[in-house]
Structures are given as structure tokens and as C-alpha cells.
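Accompanying notes for the structure given below.
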Amino acid sequence: MYTQEMLEAIKIVEKTRERRLKETFPRLKPEEKEQLLRSFHPDYMPDAMRPVKVGPNKGEKMPHEHVDLLESRSMLDPDHFSLEKIDYDVDVLVIGGGGAGTSAALLAQEEGADVLLVTKLRHGDANTMMAEGGIQAADKENDSPAIHYLDVMGGGGFHNIPELVAALVMDAPLCIQWLESLGCMFSKFPDGTMNTIHGGGTSRKRMHFAHDYSGAEIMRTLRDEARNRGIKVIEFSPAVELIMDEHGQCAGAVLYNLETEQYLVVRSKTVIIATGGSGRLHIAGSPTTNHYGATADGLVMAYRAGAKLIFLDATQFHPTGVAFPEQIVGQLVTEKVRGLGAQLVNADGEQFIYPLETRDAVSSAIIRECKERKKGIATPSGMYGVWLDSPMIEILHGKGTIEKELPAMFRQYKRFNINMAEQPILIYPTLHYQNGGILINDRAETSIPNLYVAGEASGGVHGRNRLMGNSLLDIIVFGRRAGKNAAQRAKSVQLGRLTLDHVKRFHEELQKEGLGQKVAPILLPDYRGKIS
Amino acid sequence: MAEEKEMVNIYIMGKHYKVPYGLTIMKAMEYAGYRFIRGCGCRGGFCGACGTVYRKPGDFRLKVGLACQTVVEDGMYLTQIPFYPANKATYNLEELTPTLGTLLQYYPEMTRCLGCNSCTRICPQELSVMDYIAAAQRGDIEKAANMSFDCIMCGLCASRCPAEIVQYNVAILARRLYGRHIAPRAQHLAKRVEEIKAGKFDEEISRLMKMDRAELQKLYDARDIEP
Ligand SMILES: Cc1cc2nc3c(=O)[nH]c(=O)nc-3n(C[C@H](O)[C@H](O)[C@H](O)COP(=O)(O)OP(=O)(O)OC[C@H]3O[C@@H](n4cnc5c(N)ncnc54)[C@H](O)[C@@H]3O)c2cc1C
Ligand code: SF4
Ligand code: SF4
Ligand code: FES
């Protein structure tokens, strides 16, 4: 429920609403955008990053929170840990039970591989489950993979790796069709035509969705299919280190059973990392939209084994995270709210940015409004935010639109006695997405033999800035590619003696730099005794 | 102007803790010193990992809620249900027909519904659970699919069902049957997949792949944007 002060502040928004309905805020010119980002985007803050001192990316700058993990030592003591007793011996090991991992497991099984999927929480407790907005694919008459390609490139600042983008856009319709055939209930017109809308940075309406439970619908469908097919899944048993063989090939992983605190050894001919993102590192002290297990574990393990990381210095802040009520601070307010016409408004009831600029620009503008121009609205906990004028949606599209089109959002606010169909909501940028990750090629391979990566843990396809709807797409496209390729490769792989020598070497490197006091992967954030 | 934090008393599995007023059950348990392994997933109301049963003093009723979405109240007695053993049928979706017979074949217990409405009363998503089960019983798969669409599979309904029906598993079968066998396929999608397989876009994509940044930027800036 809003406080009296906030209710007063809302009156100012209501006063200007009628006028604003007819008003379009001018879009940023390229120079203006550049200037805005440089001055206010968290990536550009001088104290946010430092060069990492060890490993394949030595000397490159990344956020402190990532560097801290990359400069940590293993949970295992590589001199004494025994790989003698093998608990599981499989063809393909998939690490991570989100959308990328589950797609990979399904495709690997179709190729005839013996697959094991291991995950840290329950199968499906993942960022994939939380995606609301939708998934892109160029499947309409006025659209084409080439147009999609340009949008992806422009969104990523033209830093994207061309072969990955080509794979993304060319596989996109195929992946939507795959999901459709698995029974995914996309929002469709009565004749079966997909209902598609714009997202930030799209030039065609190619965002497919399932109300605002798009990710949940995809995730629960894939999970149900995996269960029907009897794919082996071990929950609450995260991987904590990769295992290599004497020939320098990836050969499995060590798992840690969170409940019994025992280690398990998995030998596997190929390994797919699908551990997702890193929002729970709370980069720059920010709250996050991410699930509980988003702690960059895959990056840490792959880095020690010698895989290169890319674009980790580009972090995506989502412009509209909840700033009030306090109980859900940092949670996502989907971009679709702006897509449906809600404007961003400051304490004076005025617009200050075109609402569908790219995410980095909108986030920066909100930060400028609150920090420099002091036109933010204070919350009882001392945070600041700006208004997202959601009632406009009801005026533009008719009463009841919010409850129908945005049931998850509507419910979220209603639980805390705010009716977003009648009252604007208070928002502030929140840590959302890891644009970069482990470098892969268009077969989802890394530079390490037998090691594949798919999904948010990978890097390159989105350049320095991912567009909404391209991540759900990326996890399906590269999840499927990783699964298929890993299973095919497994057929001819001969593994040698298993070792943790790479961890030993990494520890030596740490020691030379006087590092390695902390232990990683951290597996779960620690909020004990705090108000998270 | 940070507000003075009032404290409230809660009882986690019978043990007393003082926590700040206004926190969700999840954050309150962490404040009290718990570090979740089970019972915490998305932290945002989407995954259904955090089903919690509680009672308030002086009230005989058992209440339930999602720990990540429910605010603590003074005197709350609570415990999480981190796992609930539930019957899940396995099937090959492709071979199924979207009929009542299919639903009954996999979940015959569905017919045991007593119409007690406990599931509807308890659902944190405020779904009409009993009504979607009734739709399933009639073989109205489309209705069961649509009515259950917002289900996050938290399992709370099943935990209270005297007929031992696993409502959310019936529901996902209905939804997948609907999506696969009843909803009309997207023709434009099938056409585009054929075009891609036939190599219609190969040349254009490989041309784009070879362009340098300046050329791409020019094309990008000149894009026409669908209104
Ligand atoms: C709130 C929210 C909304 C979003 N909305 C959209 C949207 O509308 N459109 C879009 O395209 N994208 C969206 N995204 C982004 C997108 O959902 C994610 O990037 C994507 O789903 C990531 O999928 P993934 O499979 O790579 O990772 P995840 O789905 O996060 O899965 C990773 C899995 O790995 C597990 N794991 C982690 N570490 C380990 C370990 N050490 N061992 C074993 N398992 C481990 C995790 O617990 C989890 O199960 C959104 C993201 C969020 C958070
Ligand atoms: S229908 Fe049952 S499983 Fe689904 S959200 Fe409601 S209570 Fe949870
Ligand atoms: S709780 Fe079980 S018996 Fe009662 S209405 Fe729901 S499905 Fe029927
Ligand atoms: S933690 Fe996912 S619904 Fe509460």
C-alpha cells in the first residue's frame, strides 16, 4: 500500500496524464545516447571494475564481483581429492536445469546418448521460469532472418559474433515450431497465427509470448517432456568443478550434494554447461530480478579449465525493477508494460525519456533523473524511483487490459495492495542479465575439447547488450545445438585418466599473485541475518 | 527518512524469532538466520518452490501462501513444504488424442473429486482449481488448459485434496494436449521453416555476416520500423 506522501505524489502524475497521452517524447540522437550512457550507466562508473590477475582473461577489466570469484580457489583440494570412485558414468552430462540445459538434454537423448542432468535447485527453478515478456523469431510475412540479424547486431552495439547471430536468427522459427509441437501454448489468434508484438530495439513485431508467463510456459513444457522421456535428473547437487583427462579433454564434473554434503564424481564423454547468469552476485550493490541460484558457477569452473570469457564487462540493468513495495524490490516489471503504452514520469509528472529506447539508455536516464536532477520519488526505505504510469494502458487499450495481458504483474502488485490499473507504479533499474559469458562457436563448443556451453552462461551472441526476447531464443537455439553436437561427439570420444591437474595449476597461479583466500563457486548467496 | 522498523514475533517450526515488520516470510526466515537449500527458487512468485503453511494465533484455520510473496504477521506459526510426493504420469504426447479418455487413462483419480473447493480456496494464484478439474472431468480440455494457465505448480492444492488428485499434473497434461493437438498450428511459421530449410535466406545472411561495422550501421540506421 502506498504511503500518504506517495499518494500525494501520484496526484501530480494524474494531473499531467491527459496531456501526456498526446505527447511523444523525442528519441535520443546517437550522440545523446552515447553521452547519457557514459555519464550514468553503471558499466561506465570508474570504480565498478578491475582487471583480473589470473587465467585466460588476465589483464581484462570486469566487475569486482566477477573478479572476486575468478580469483578464488576451488572447494576441492586437488592434491587429495580422489577421482577413483566413479559415481555416474554417462555419455553427456548437462549442468543446469533451466531452459538451455533441458533443451540440451532432450536433444542429446534424441541422438541416443545416455544423458544425466544435474542442477543446483529443483529442475526448472531458474531464470527461464521467470521470463515474462516473450521470445523472438522472424516468422511473419513482413519479417526475415536478415532483418532480425540487423536488429540483434544493432542492439549489441555491433560487437556480436556474426556466426552466432546467424545461428540464432536462422534457427529461431525452427525452435518456435519445436516448442509449438511440444504443446507450448503461445498466444495465438483463432486461425493459429501467432500474436506477436514489439520489444525494445525490434524493427518488426516478432515477440511471441504466452500471456506474461512466457518463460514459465516454455520451462514447464520442457521439464514435463524431460520427465516423460525418463531423463535422469539429480536435483540439489550442483557441479563445483570440472574434471579433465590426461589429454586435456573435459571428462566430467564433481558434484556436491547440498543436503548430505557429499561429493559425487561424474565421468562423462562430453559436458554441457548451462548454469545461467549471475544476478545474485549483486553487481554494483544492485538488487536483481534473477533466481536464487544465479551465481556464475559455470563461469568459474570453465575459467579454471582454461575457457575464455567474453563481454563480462557489459552488465544488463533492466530499467524497470520494482522500487516499491519493499518486499519485492528489484523484481521485474516486464518491458511489455511500456510496450503497451505506459510512460516513465518524474516527480513533476513529466516524461524524461522515450520509453522504448534500448535498456541501457532507459536505465541511464532513470538514474540521471533520480541522482542528478533530483526528480525521483523517495520510498519509506530511503530508495528513489520514478513512476511508470500503468493506468495509461487501460485508457489506451480499454478497461481490464492489464489484468488480461499482464496477469502476473497485476497479481504481483495486488498482493501488496496496489492496483496498477488505477495507480502508477514506482520503479528503478535492477540487475537483470549477464550479456557476456563463456565464449562459444556456432556449434556451442568452447576452446576445450568435449566442453559445450549454452544459454546465459555463454557469451558472444548478444554482443554488449541483449534485446528482450533474444535470450529465451538463445537458450533454445544453443541448448539444442549443444545437446545434439555433444551427443554426436560422445560417440567417438575416448577418455584417458581423470585428473584435477588444471585446478592444481590454477591454484599455483593464484598463489603467485597472493590470491585465493576465498572459495568459489559460491553456489548460493548468503542472506543470513540480513534484509536481502 | 527510513522508517523505524517495528519488530514482529514469528514461530518457525515452533521456534520463536523476532523479525522486522513488513518482510516476506522468505526474507524473514533469512533474517532469522536460515540459509535456504530447498524452499526457495525464483524468489519472485513464478516457480512454486516456496509453499508455506501457517496459522495465526486465535484462529483455528490453516493458511497457505508462497514464502516469497507473503508478508509476515505478528504471531504467525509457520513451516515450509519443500517437497510434496505427487503422482506424475508419463506419456508420449505425440501419440495421444485430446479426449476425456486420455485424461482418465493417466489420472483416473480425477473422478474422485468431492467438490469440496479446498483447492480453489488455497491456490496462491487465485485460480478456480476445482472448476478446472470439473472442466477436465467433462473432457473440456480447452477450458481446463486456459483456466489453469497461470498455475505455478506449487503443489499446495494437492496437499489439501481429500481425493488425492494432483490437480497441477492434470492441468499440464490438459495444456500440452491443447497446445499440441487442439490449437491450430501457425501456418506462417511452418512456411518460414520450409523457406529456411530450402536455403532462401542463406545468401542474404552470409552477405550480412561479411559486412563491417560501418556498413551494418548504415543498414541498421535505415531500417523501416513496423508501426
Ligand atoms: C525476471 C526475468 C525476466 C526475463 N524475461 C525475459 C524475456 O521476456 N525474454 C527473454 O528472452 N529473456 C528474458 N529473461 C532472460 C532469460 O529468461 C534468461 O536469460 C534465460 O532463461 C537463461 O536460461 P538458462 O537456461 O541459460 O539459465 P537458467 O534458466 O537460469 O538456468 C540455469 C540453471 O542452472 C542451475 N545451476 C546454476 N549453477 C549450477 C551448478 N553449479 N550446478 C548445477 N546447476 C547449476 C540453476 O539453478 C538453474 O537451474 C528474463 C530473465 C529474468 C530473470
Ligand atoms: S493450481 Fe495448485 S499447483 Fe497450481 S498454483 Fe494453484 S495451488 Fe499451486
Ligand atoms: S480439493 Fe480435491 S476434492 Fe476438493 S474440490 Fe479440489 S480437486 Fe475436488
Ligand atoms: S521462490 Fe519461486 S514462487 Fe516463491
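So you know, we letter chains A, B, ... as the sequences are listed, proteins then strands, and number each from 1.
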Just checking, any donor-acceptor pair under 3.5 angstrom between side chains of A:Asp139 and A:His208?
yes
Under 4.5 Å from any heavy atom of chain B, what part of A:Leu182 do you find: side chain, backbone, both or neither?
both
Under a 4.0 Å threshold between the charged nitrogen and the carboxylate oxygen, would B:Lys27 count as salt-bridged to A:Glu326?
no
If you tally heavy-atom pairs under 4.5 Å against chain B, which of A:Pro190, A:Ser203, A:Pro162 wins?
A:Ser203
For B:Lys210, which atoms come within 4.5 Å of any heavy atom of chain A: side chain, backbone, both, or neither?
neither
Most heavy-atom pairs under 4.5 angstrom with chain A, which of B:Asp221, B:Leu219, B:Leu189?
B:Leu189
A:Arg411/B:Glu126 ion pair, N-O < 4.0 Å
no
Under a 4.0 Å threshold between the charged nitrogen and the carboxylate oxygen, would B:Glu195 count as salt-bridged to B:Arg192?
yes
Does any backbone or side-chain atom of A:Arg206 lie under 4.5 Å from a heavy atom of chain B? Answer side chain, backbone, both or neither.
neither
Point-to-point distance, once rounded to the nearest 0.5 Å, from CG of B:Leu173 to NZ of B:Lys88:
7.5 Å
Residue, of A:Glu225, A:Glu141, A:Met219, A:Lys120, that accumulates the most heavy atom pairs under 4.5 Å with chain B
A:Glu225
For chain A, which candidate among B:Leu177, B:Asp202, B:Ile172 shows the most heavy-atom pairs at distances under 4.5 Å?
B:Ile172
Within this structure, what is the CH2-CG distance for the pair A:Trp178 and A:Leu222, rounded to the nearest 0.5 Å?
5.0 Å
Which one wins on heavy-atom pair count under 4.5 Å against chain A: B:Ala49, B:Ala145, B:Gly45?
B:Ala49
The interface call for A:Tyr292 against chain B, heavy-atom contacts under 4.5 Å, is both
Where on A:Pro325 is there a heavy atom nearer than 4.5 Å to chain B: the side chain, the backbone, both, or neither?
neither
We want to know whether B:Thr70 and B:Lys63 form a side-chain donor-acceptor pair, criterion being a heavy-atom distance below 3.5 angstrom.
no
Is any NZ, NE, NH1 or NH2 atom of the basic residue among B:Arg223 and A:Asp151 found under 4.0 Å from an Asp or Glu carboxylate oxygen of the other?
yes
Under 4.5 Å, counting heavy-atom pairs only, tell me which of B:Met29, B:Gln69, B:Gln187, B:Arg213 racks up the most with chain A.
B:Gln69
Should the pair A:Arg204-B:Asp224 be classified as a salt bridge under the 4.0 Å nitrogen-to-oxygen rule?
yes
Sidechain-backbone polar pair: B:Thr52 side chain, B:Cys50 backbone, donor-acceptor under 3.5 Å:
yes
B:Glu94 portion near chain A, given a 4.5 angstrom heavy-atom threshold:
neither
Output yes when A:Lys140 and B:Glu226 qualify as a salt bridge under the 4.0 Å nitrogen-oxygen rule, no when they do not.
no
Who wins among A:Arg227, A:Glu235, A:Lys188 for the most heavy-atom pairs under 4.5 Å with chain B?
A:Lys188
Would you mind telling me which of B:Ala89, B:Ala183, B:Pro227, B:Ser206 has the largest number of heavy-atom pairs within less than 4.5 Å of chain A?
B:Pro227
Applying a strict 4.5 Å limit to non-hydrogen atoms, the region of A:Asp224 in contact with chain B is both
Counting heavy-atom pairs under 4.5 angstrom with chain B, the leader among A:Ala408, A:Ala138, A:Ala126, A:Gly124 is A:Ala138
Portion of B:Glu204 that has a non-hydrogen atom of chain A nearer than 4.5 angstrom
side chain
Would you please say whether a donor-acceptor pair under 3.5 Å links the side chains of B:His16 and B:Asn9?
yes
Could you check A:Lys205 against A:Asp143 for salt bridge (charged side-chain N to carboxylate O under 4.0 Å, His left out), going step by step and ending with a plain yes or no?
CA-CA 8 Å; A:Lys205 291 183 176 168; A:Asp143 201 357; over 6 Å; no
B:Leu66 portion near chain A, given a 4.5 angstrom heavy-atom threshold
side chain
Return the option, out of A:Glu163, A:Met383, A:Gln331, A:Arg220, with the maximum number of heavy-atom pairs under 4.5 Å with chain B.
A:Arg220
Which distance, rounded to the nearest 0.5 Å, do you find between the CE of B:Met26 and the SG of B:Cys68?
5.0 Å
Chain A contact via B:Asn169 - side chain, backbone, both or neither, heavy atoms under 4.5 Å:
neither
Counting only non-hydrogen atoms closer than 4.5 Å, does B:Ile196 touch chain A with its backbone (N, CA, C, O), its side chain (CB onward), both, or neither?
side chain
Can B:Arg38 be said to sit on top of B:Tyr84's aromatic six-ring, NZ or CZ under 6.0 Å from centre and within 45° of the ring axis?
no
Most contacts with chain A, counted as non-hydrogen pairs under 4.5 angstrom, among B:Arg180, B:Lys197, B:Met153:
B:Arg180
Would you mind checking which part of A:Asn127 comes under 4.5 Å of any heavy atom in chain B, side chain (CB onward), backbone (N, CA, C, O), both or neither?
neither
Donor on one side chain, acceptor on other, B:Asn87 and B:Tyr106, under 3.5 Å:
no
Proximity breakdown for B:Ile205 and chain A, heavy-atom pairs closer than 4.5 Å:
side chain
Applying a strict 4.5 Å limit to non-hydrogen atoms, the region of A:Phe416 in contact with chain B is side chain
For the interface with chain B, which of A:Arg229, A:His198, A:Met153 has the highest count of heavy-atom pairs at distances below 4.5 Å?
A:His198
With a 4.5 angstrom heavy-atom cut-off, could you sort out which part of B:Lys191 is near chain A: side chain, backbone, both or neither?
side chain
So what's closer than 4.5 Å to chain A heavy atoms on B:Phe149: side chain, backbone, both or neither?
both
side-chain contact (heavy atoms from CB on, under 4.5 Å) evaluation trace for A:His291 with A:Leu121:
CA-CA 10 Å; A:His291 86 291; A:Leu121 302 166; 3.7 Å; yes
Under 4.5 Å from any heavy atom of chain A - which part of B:Tyr34:
backbone
Atom group of A:Tyr149 that falls short of 4.5 Å from chain B, counting heavy atoms
side chain
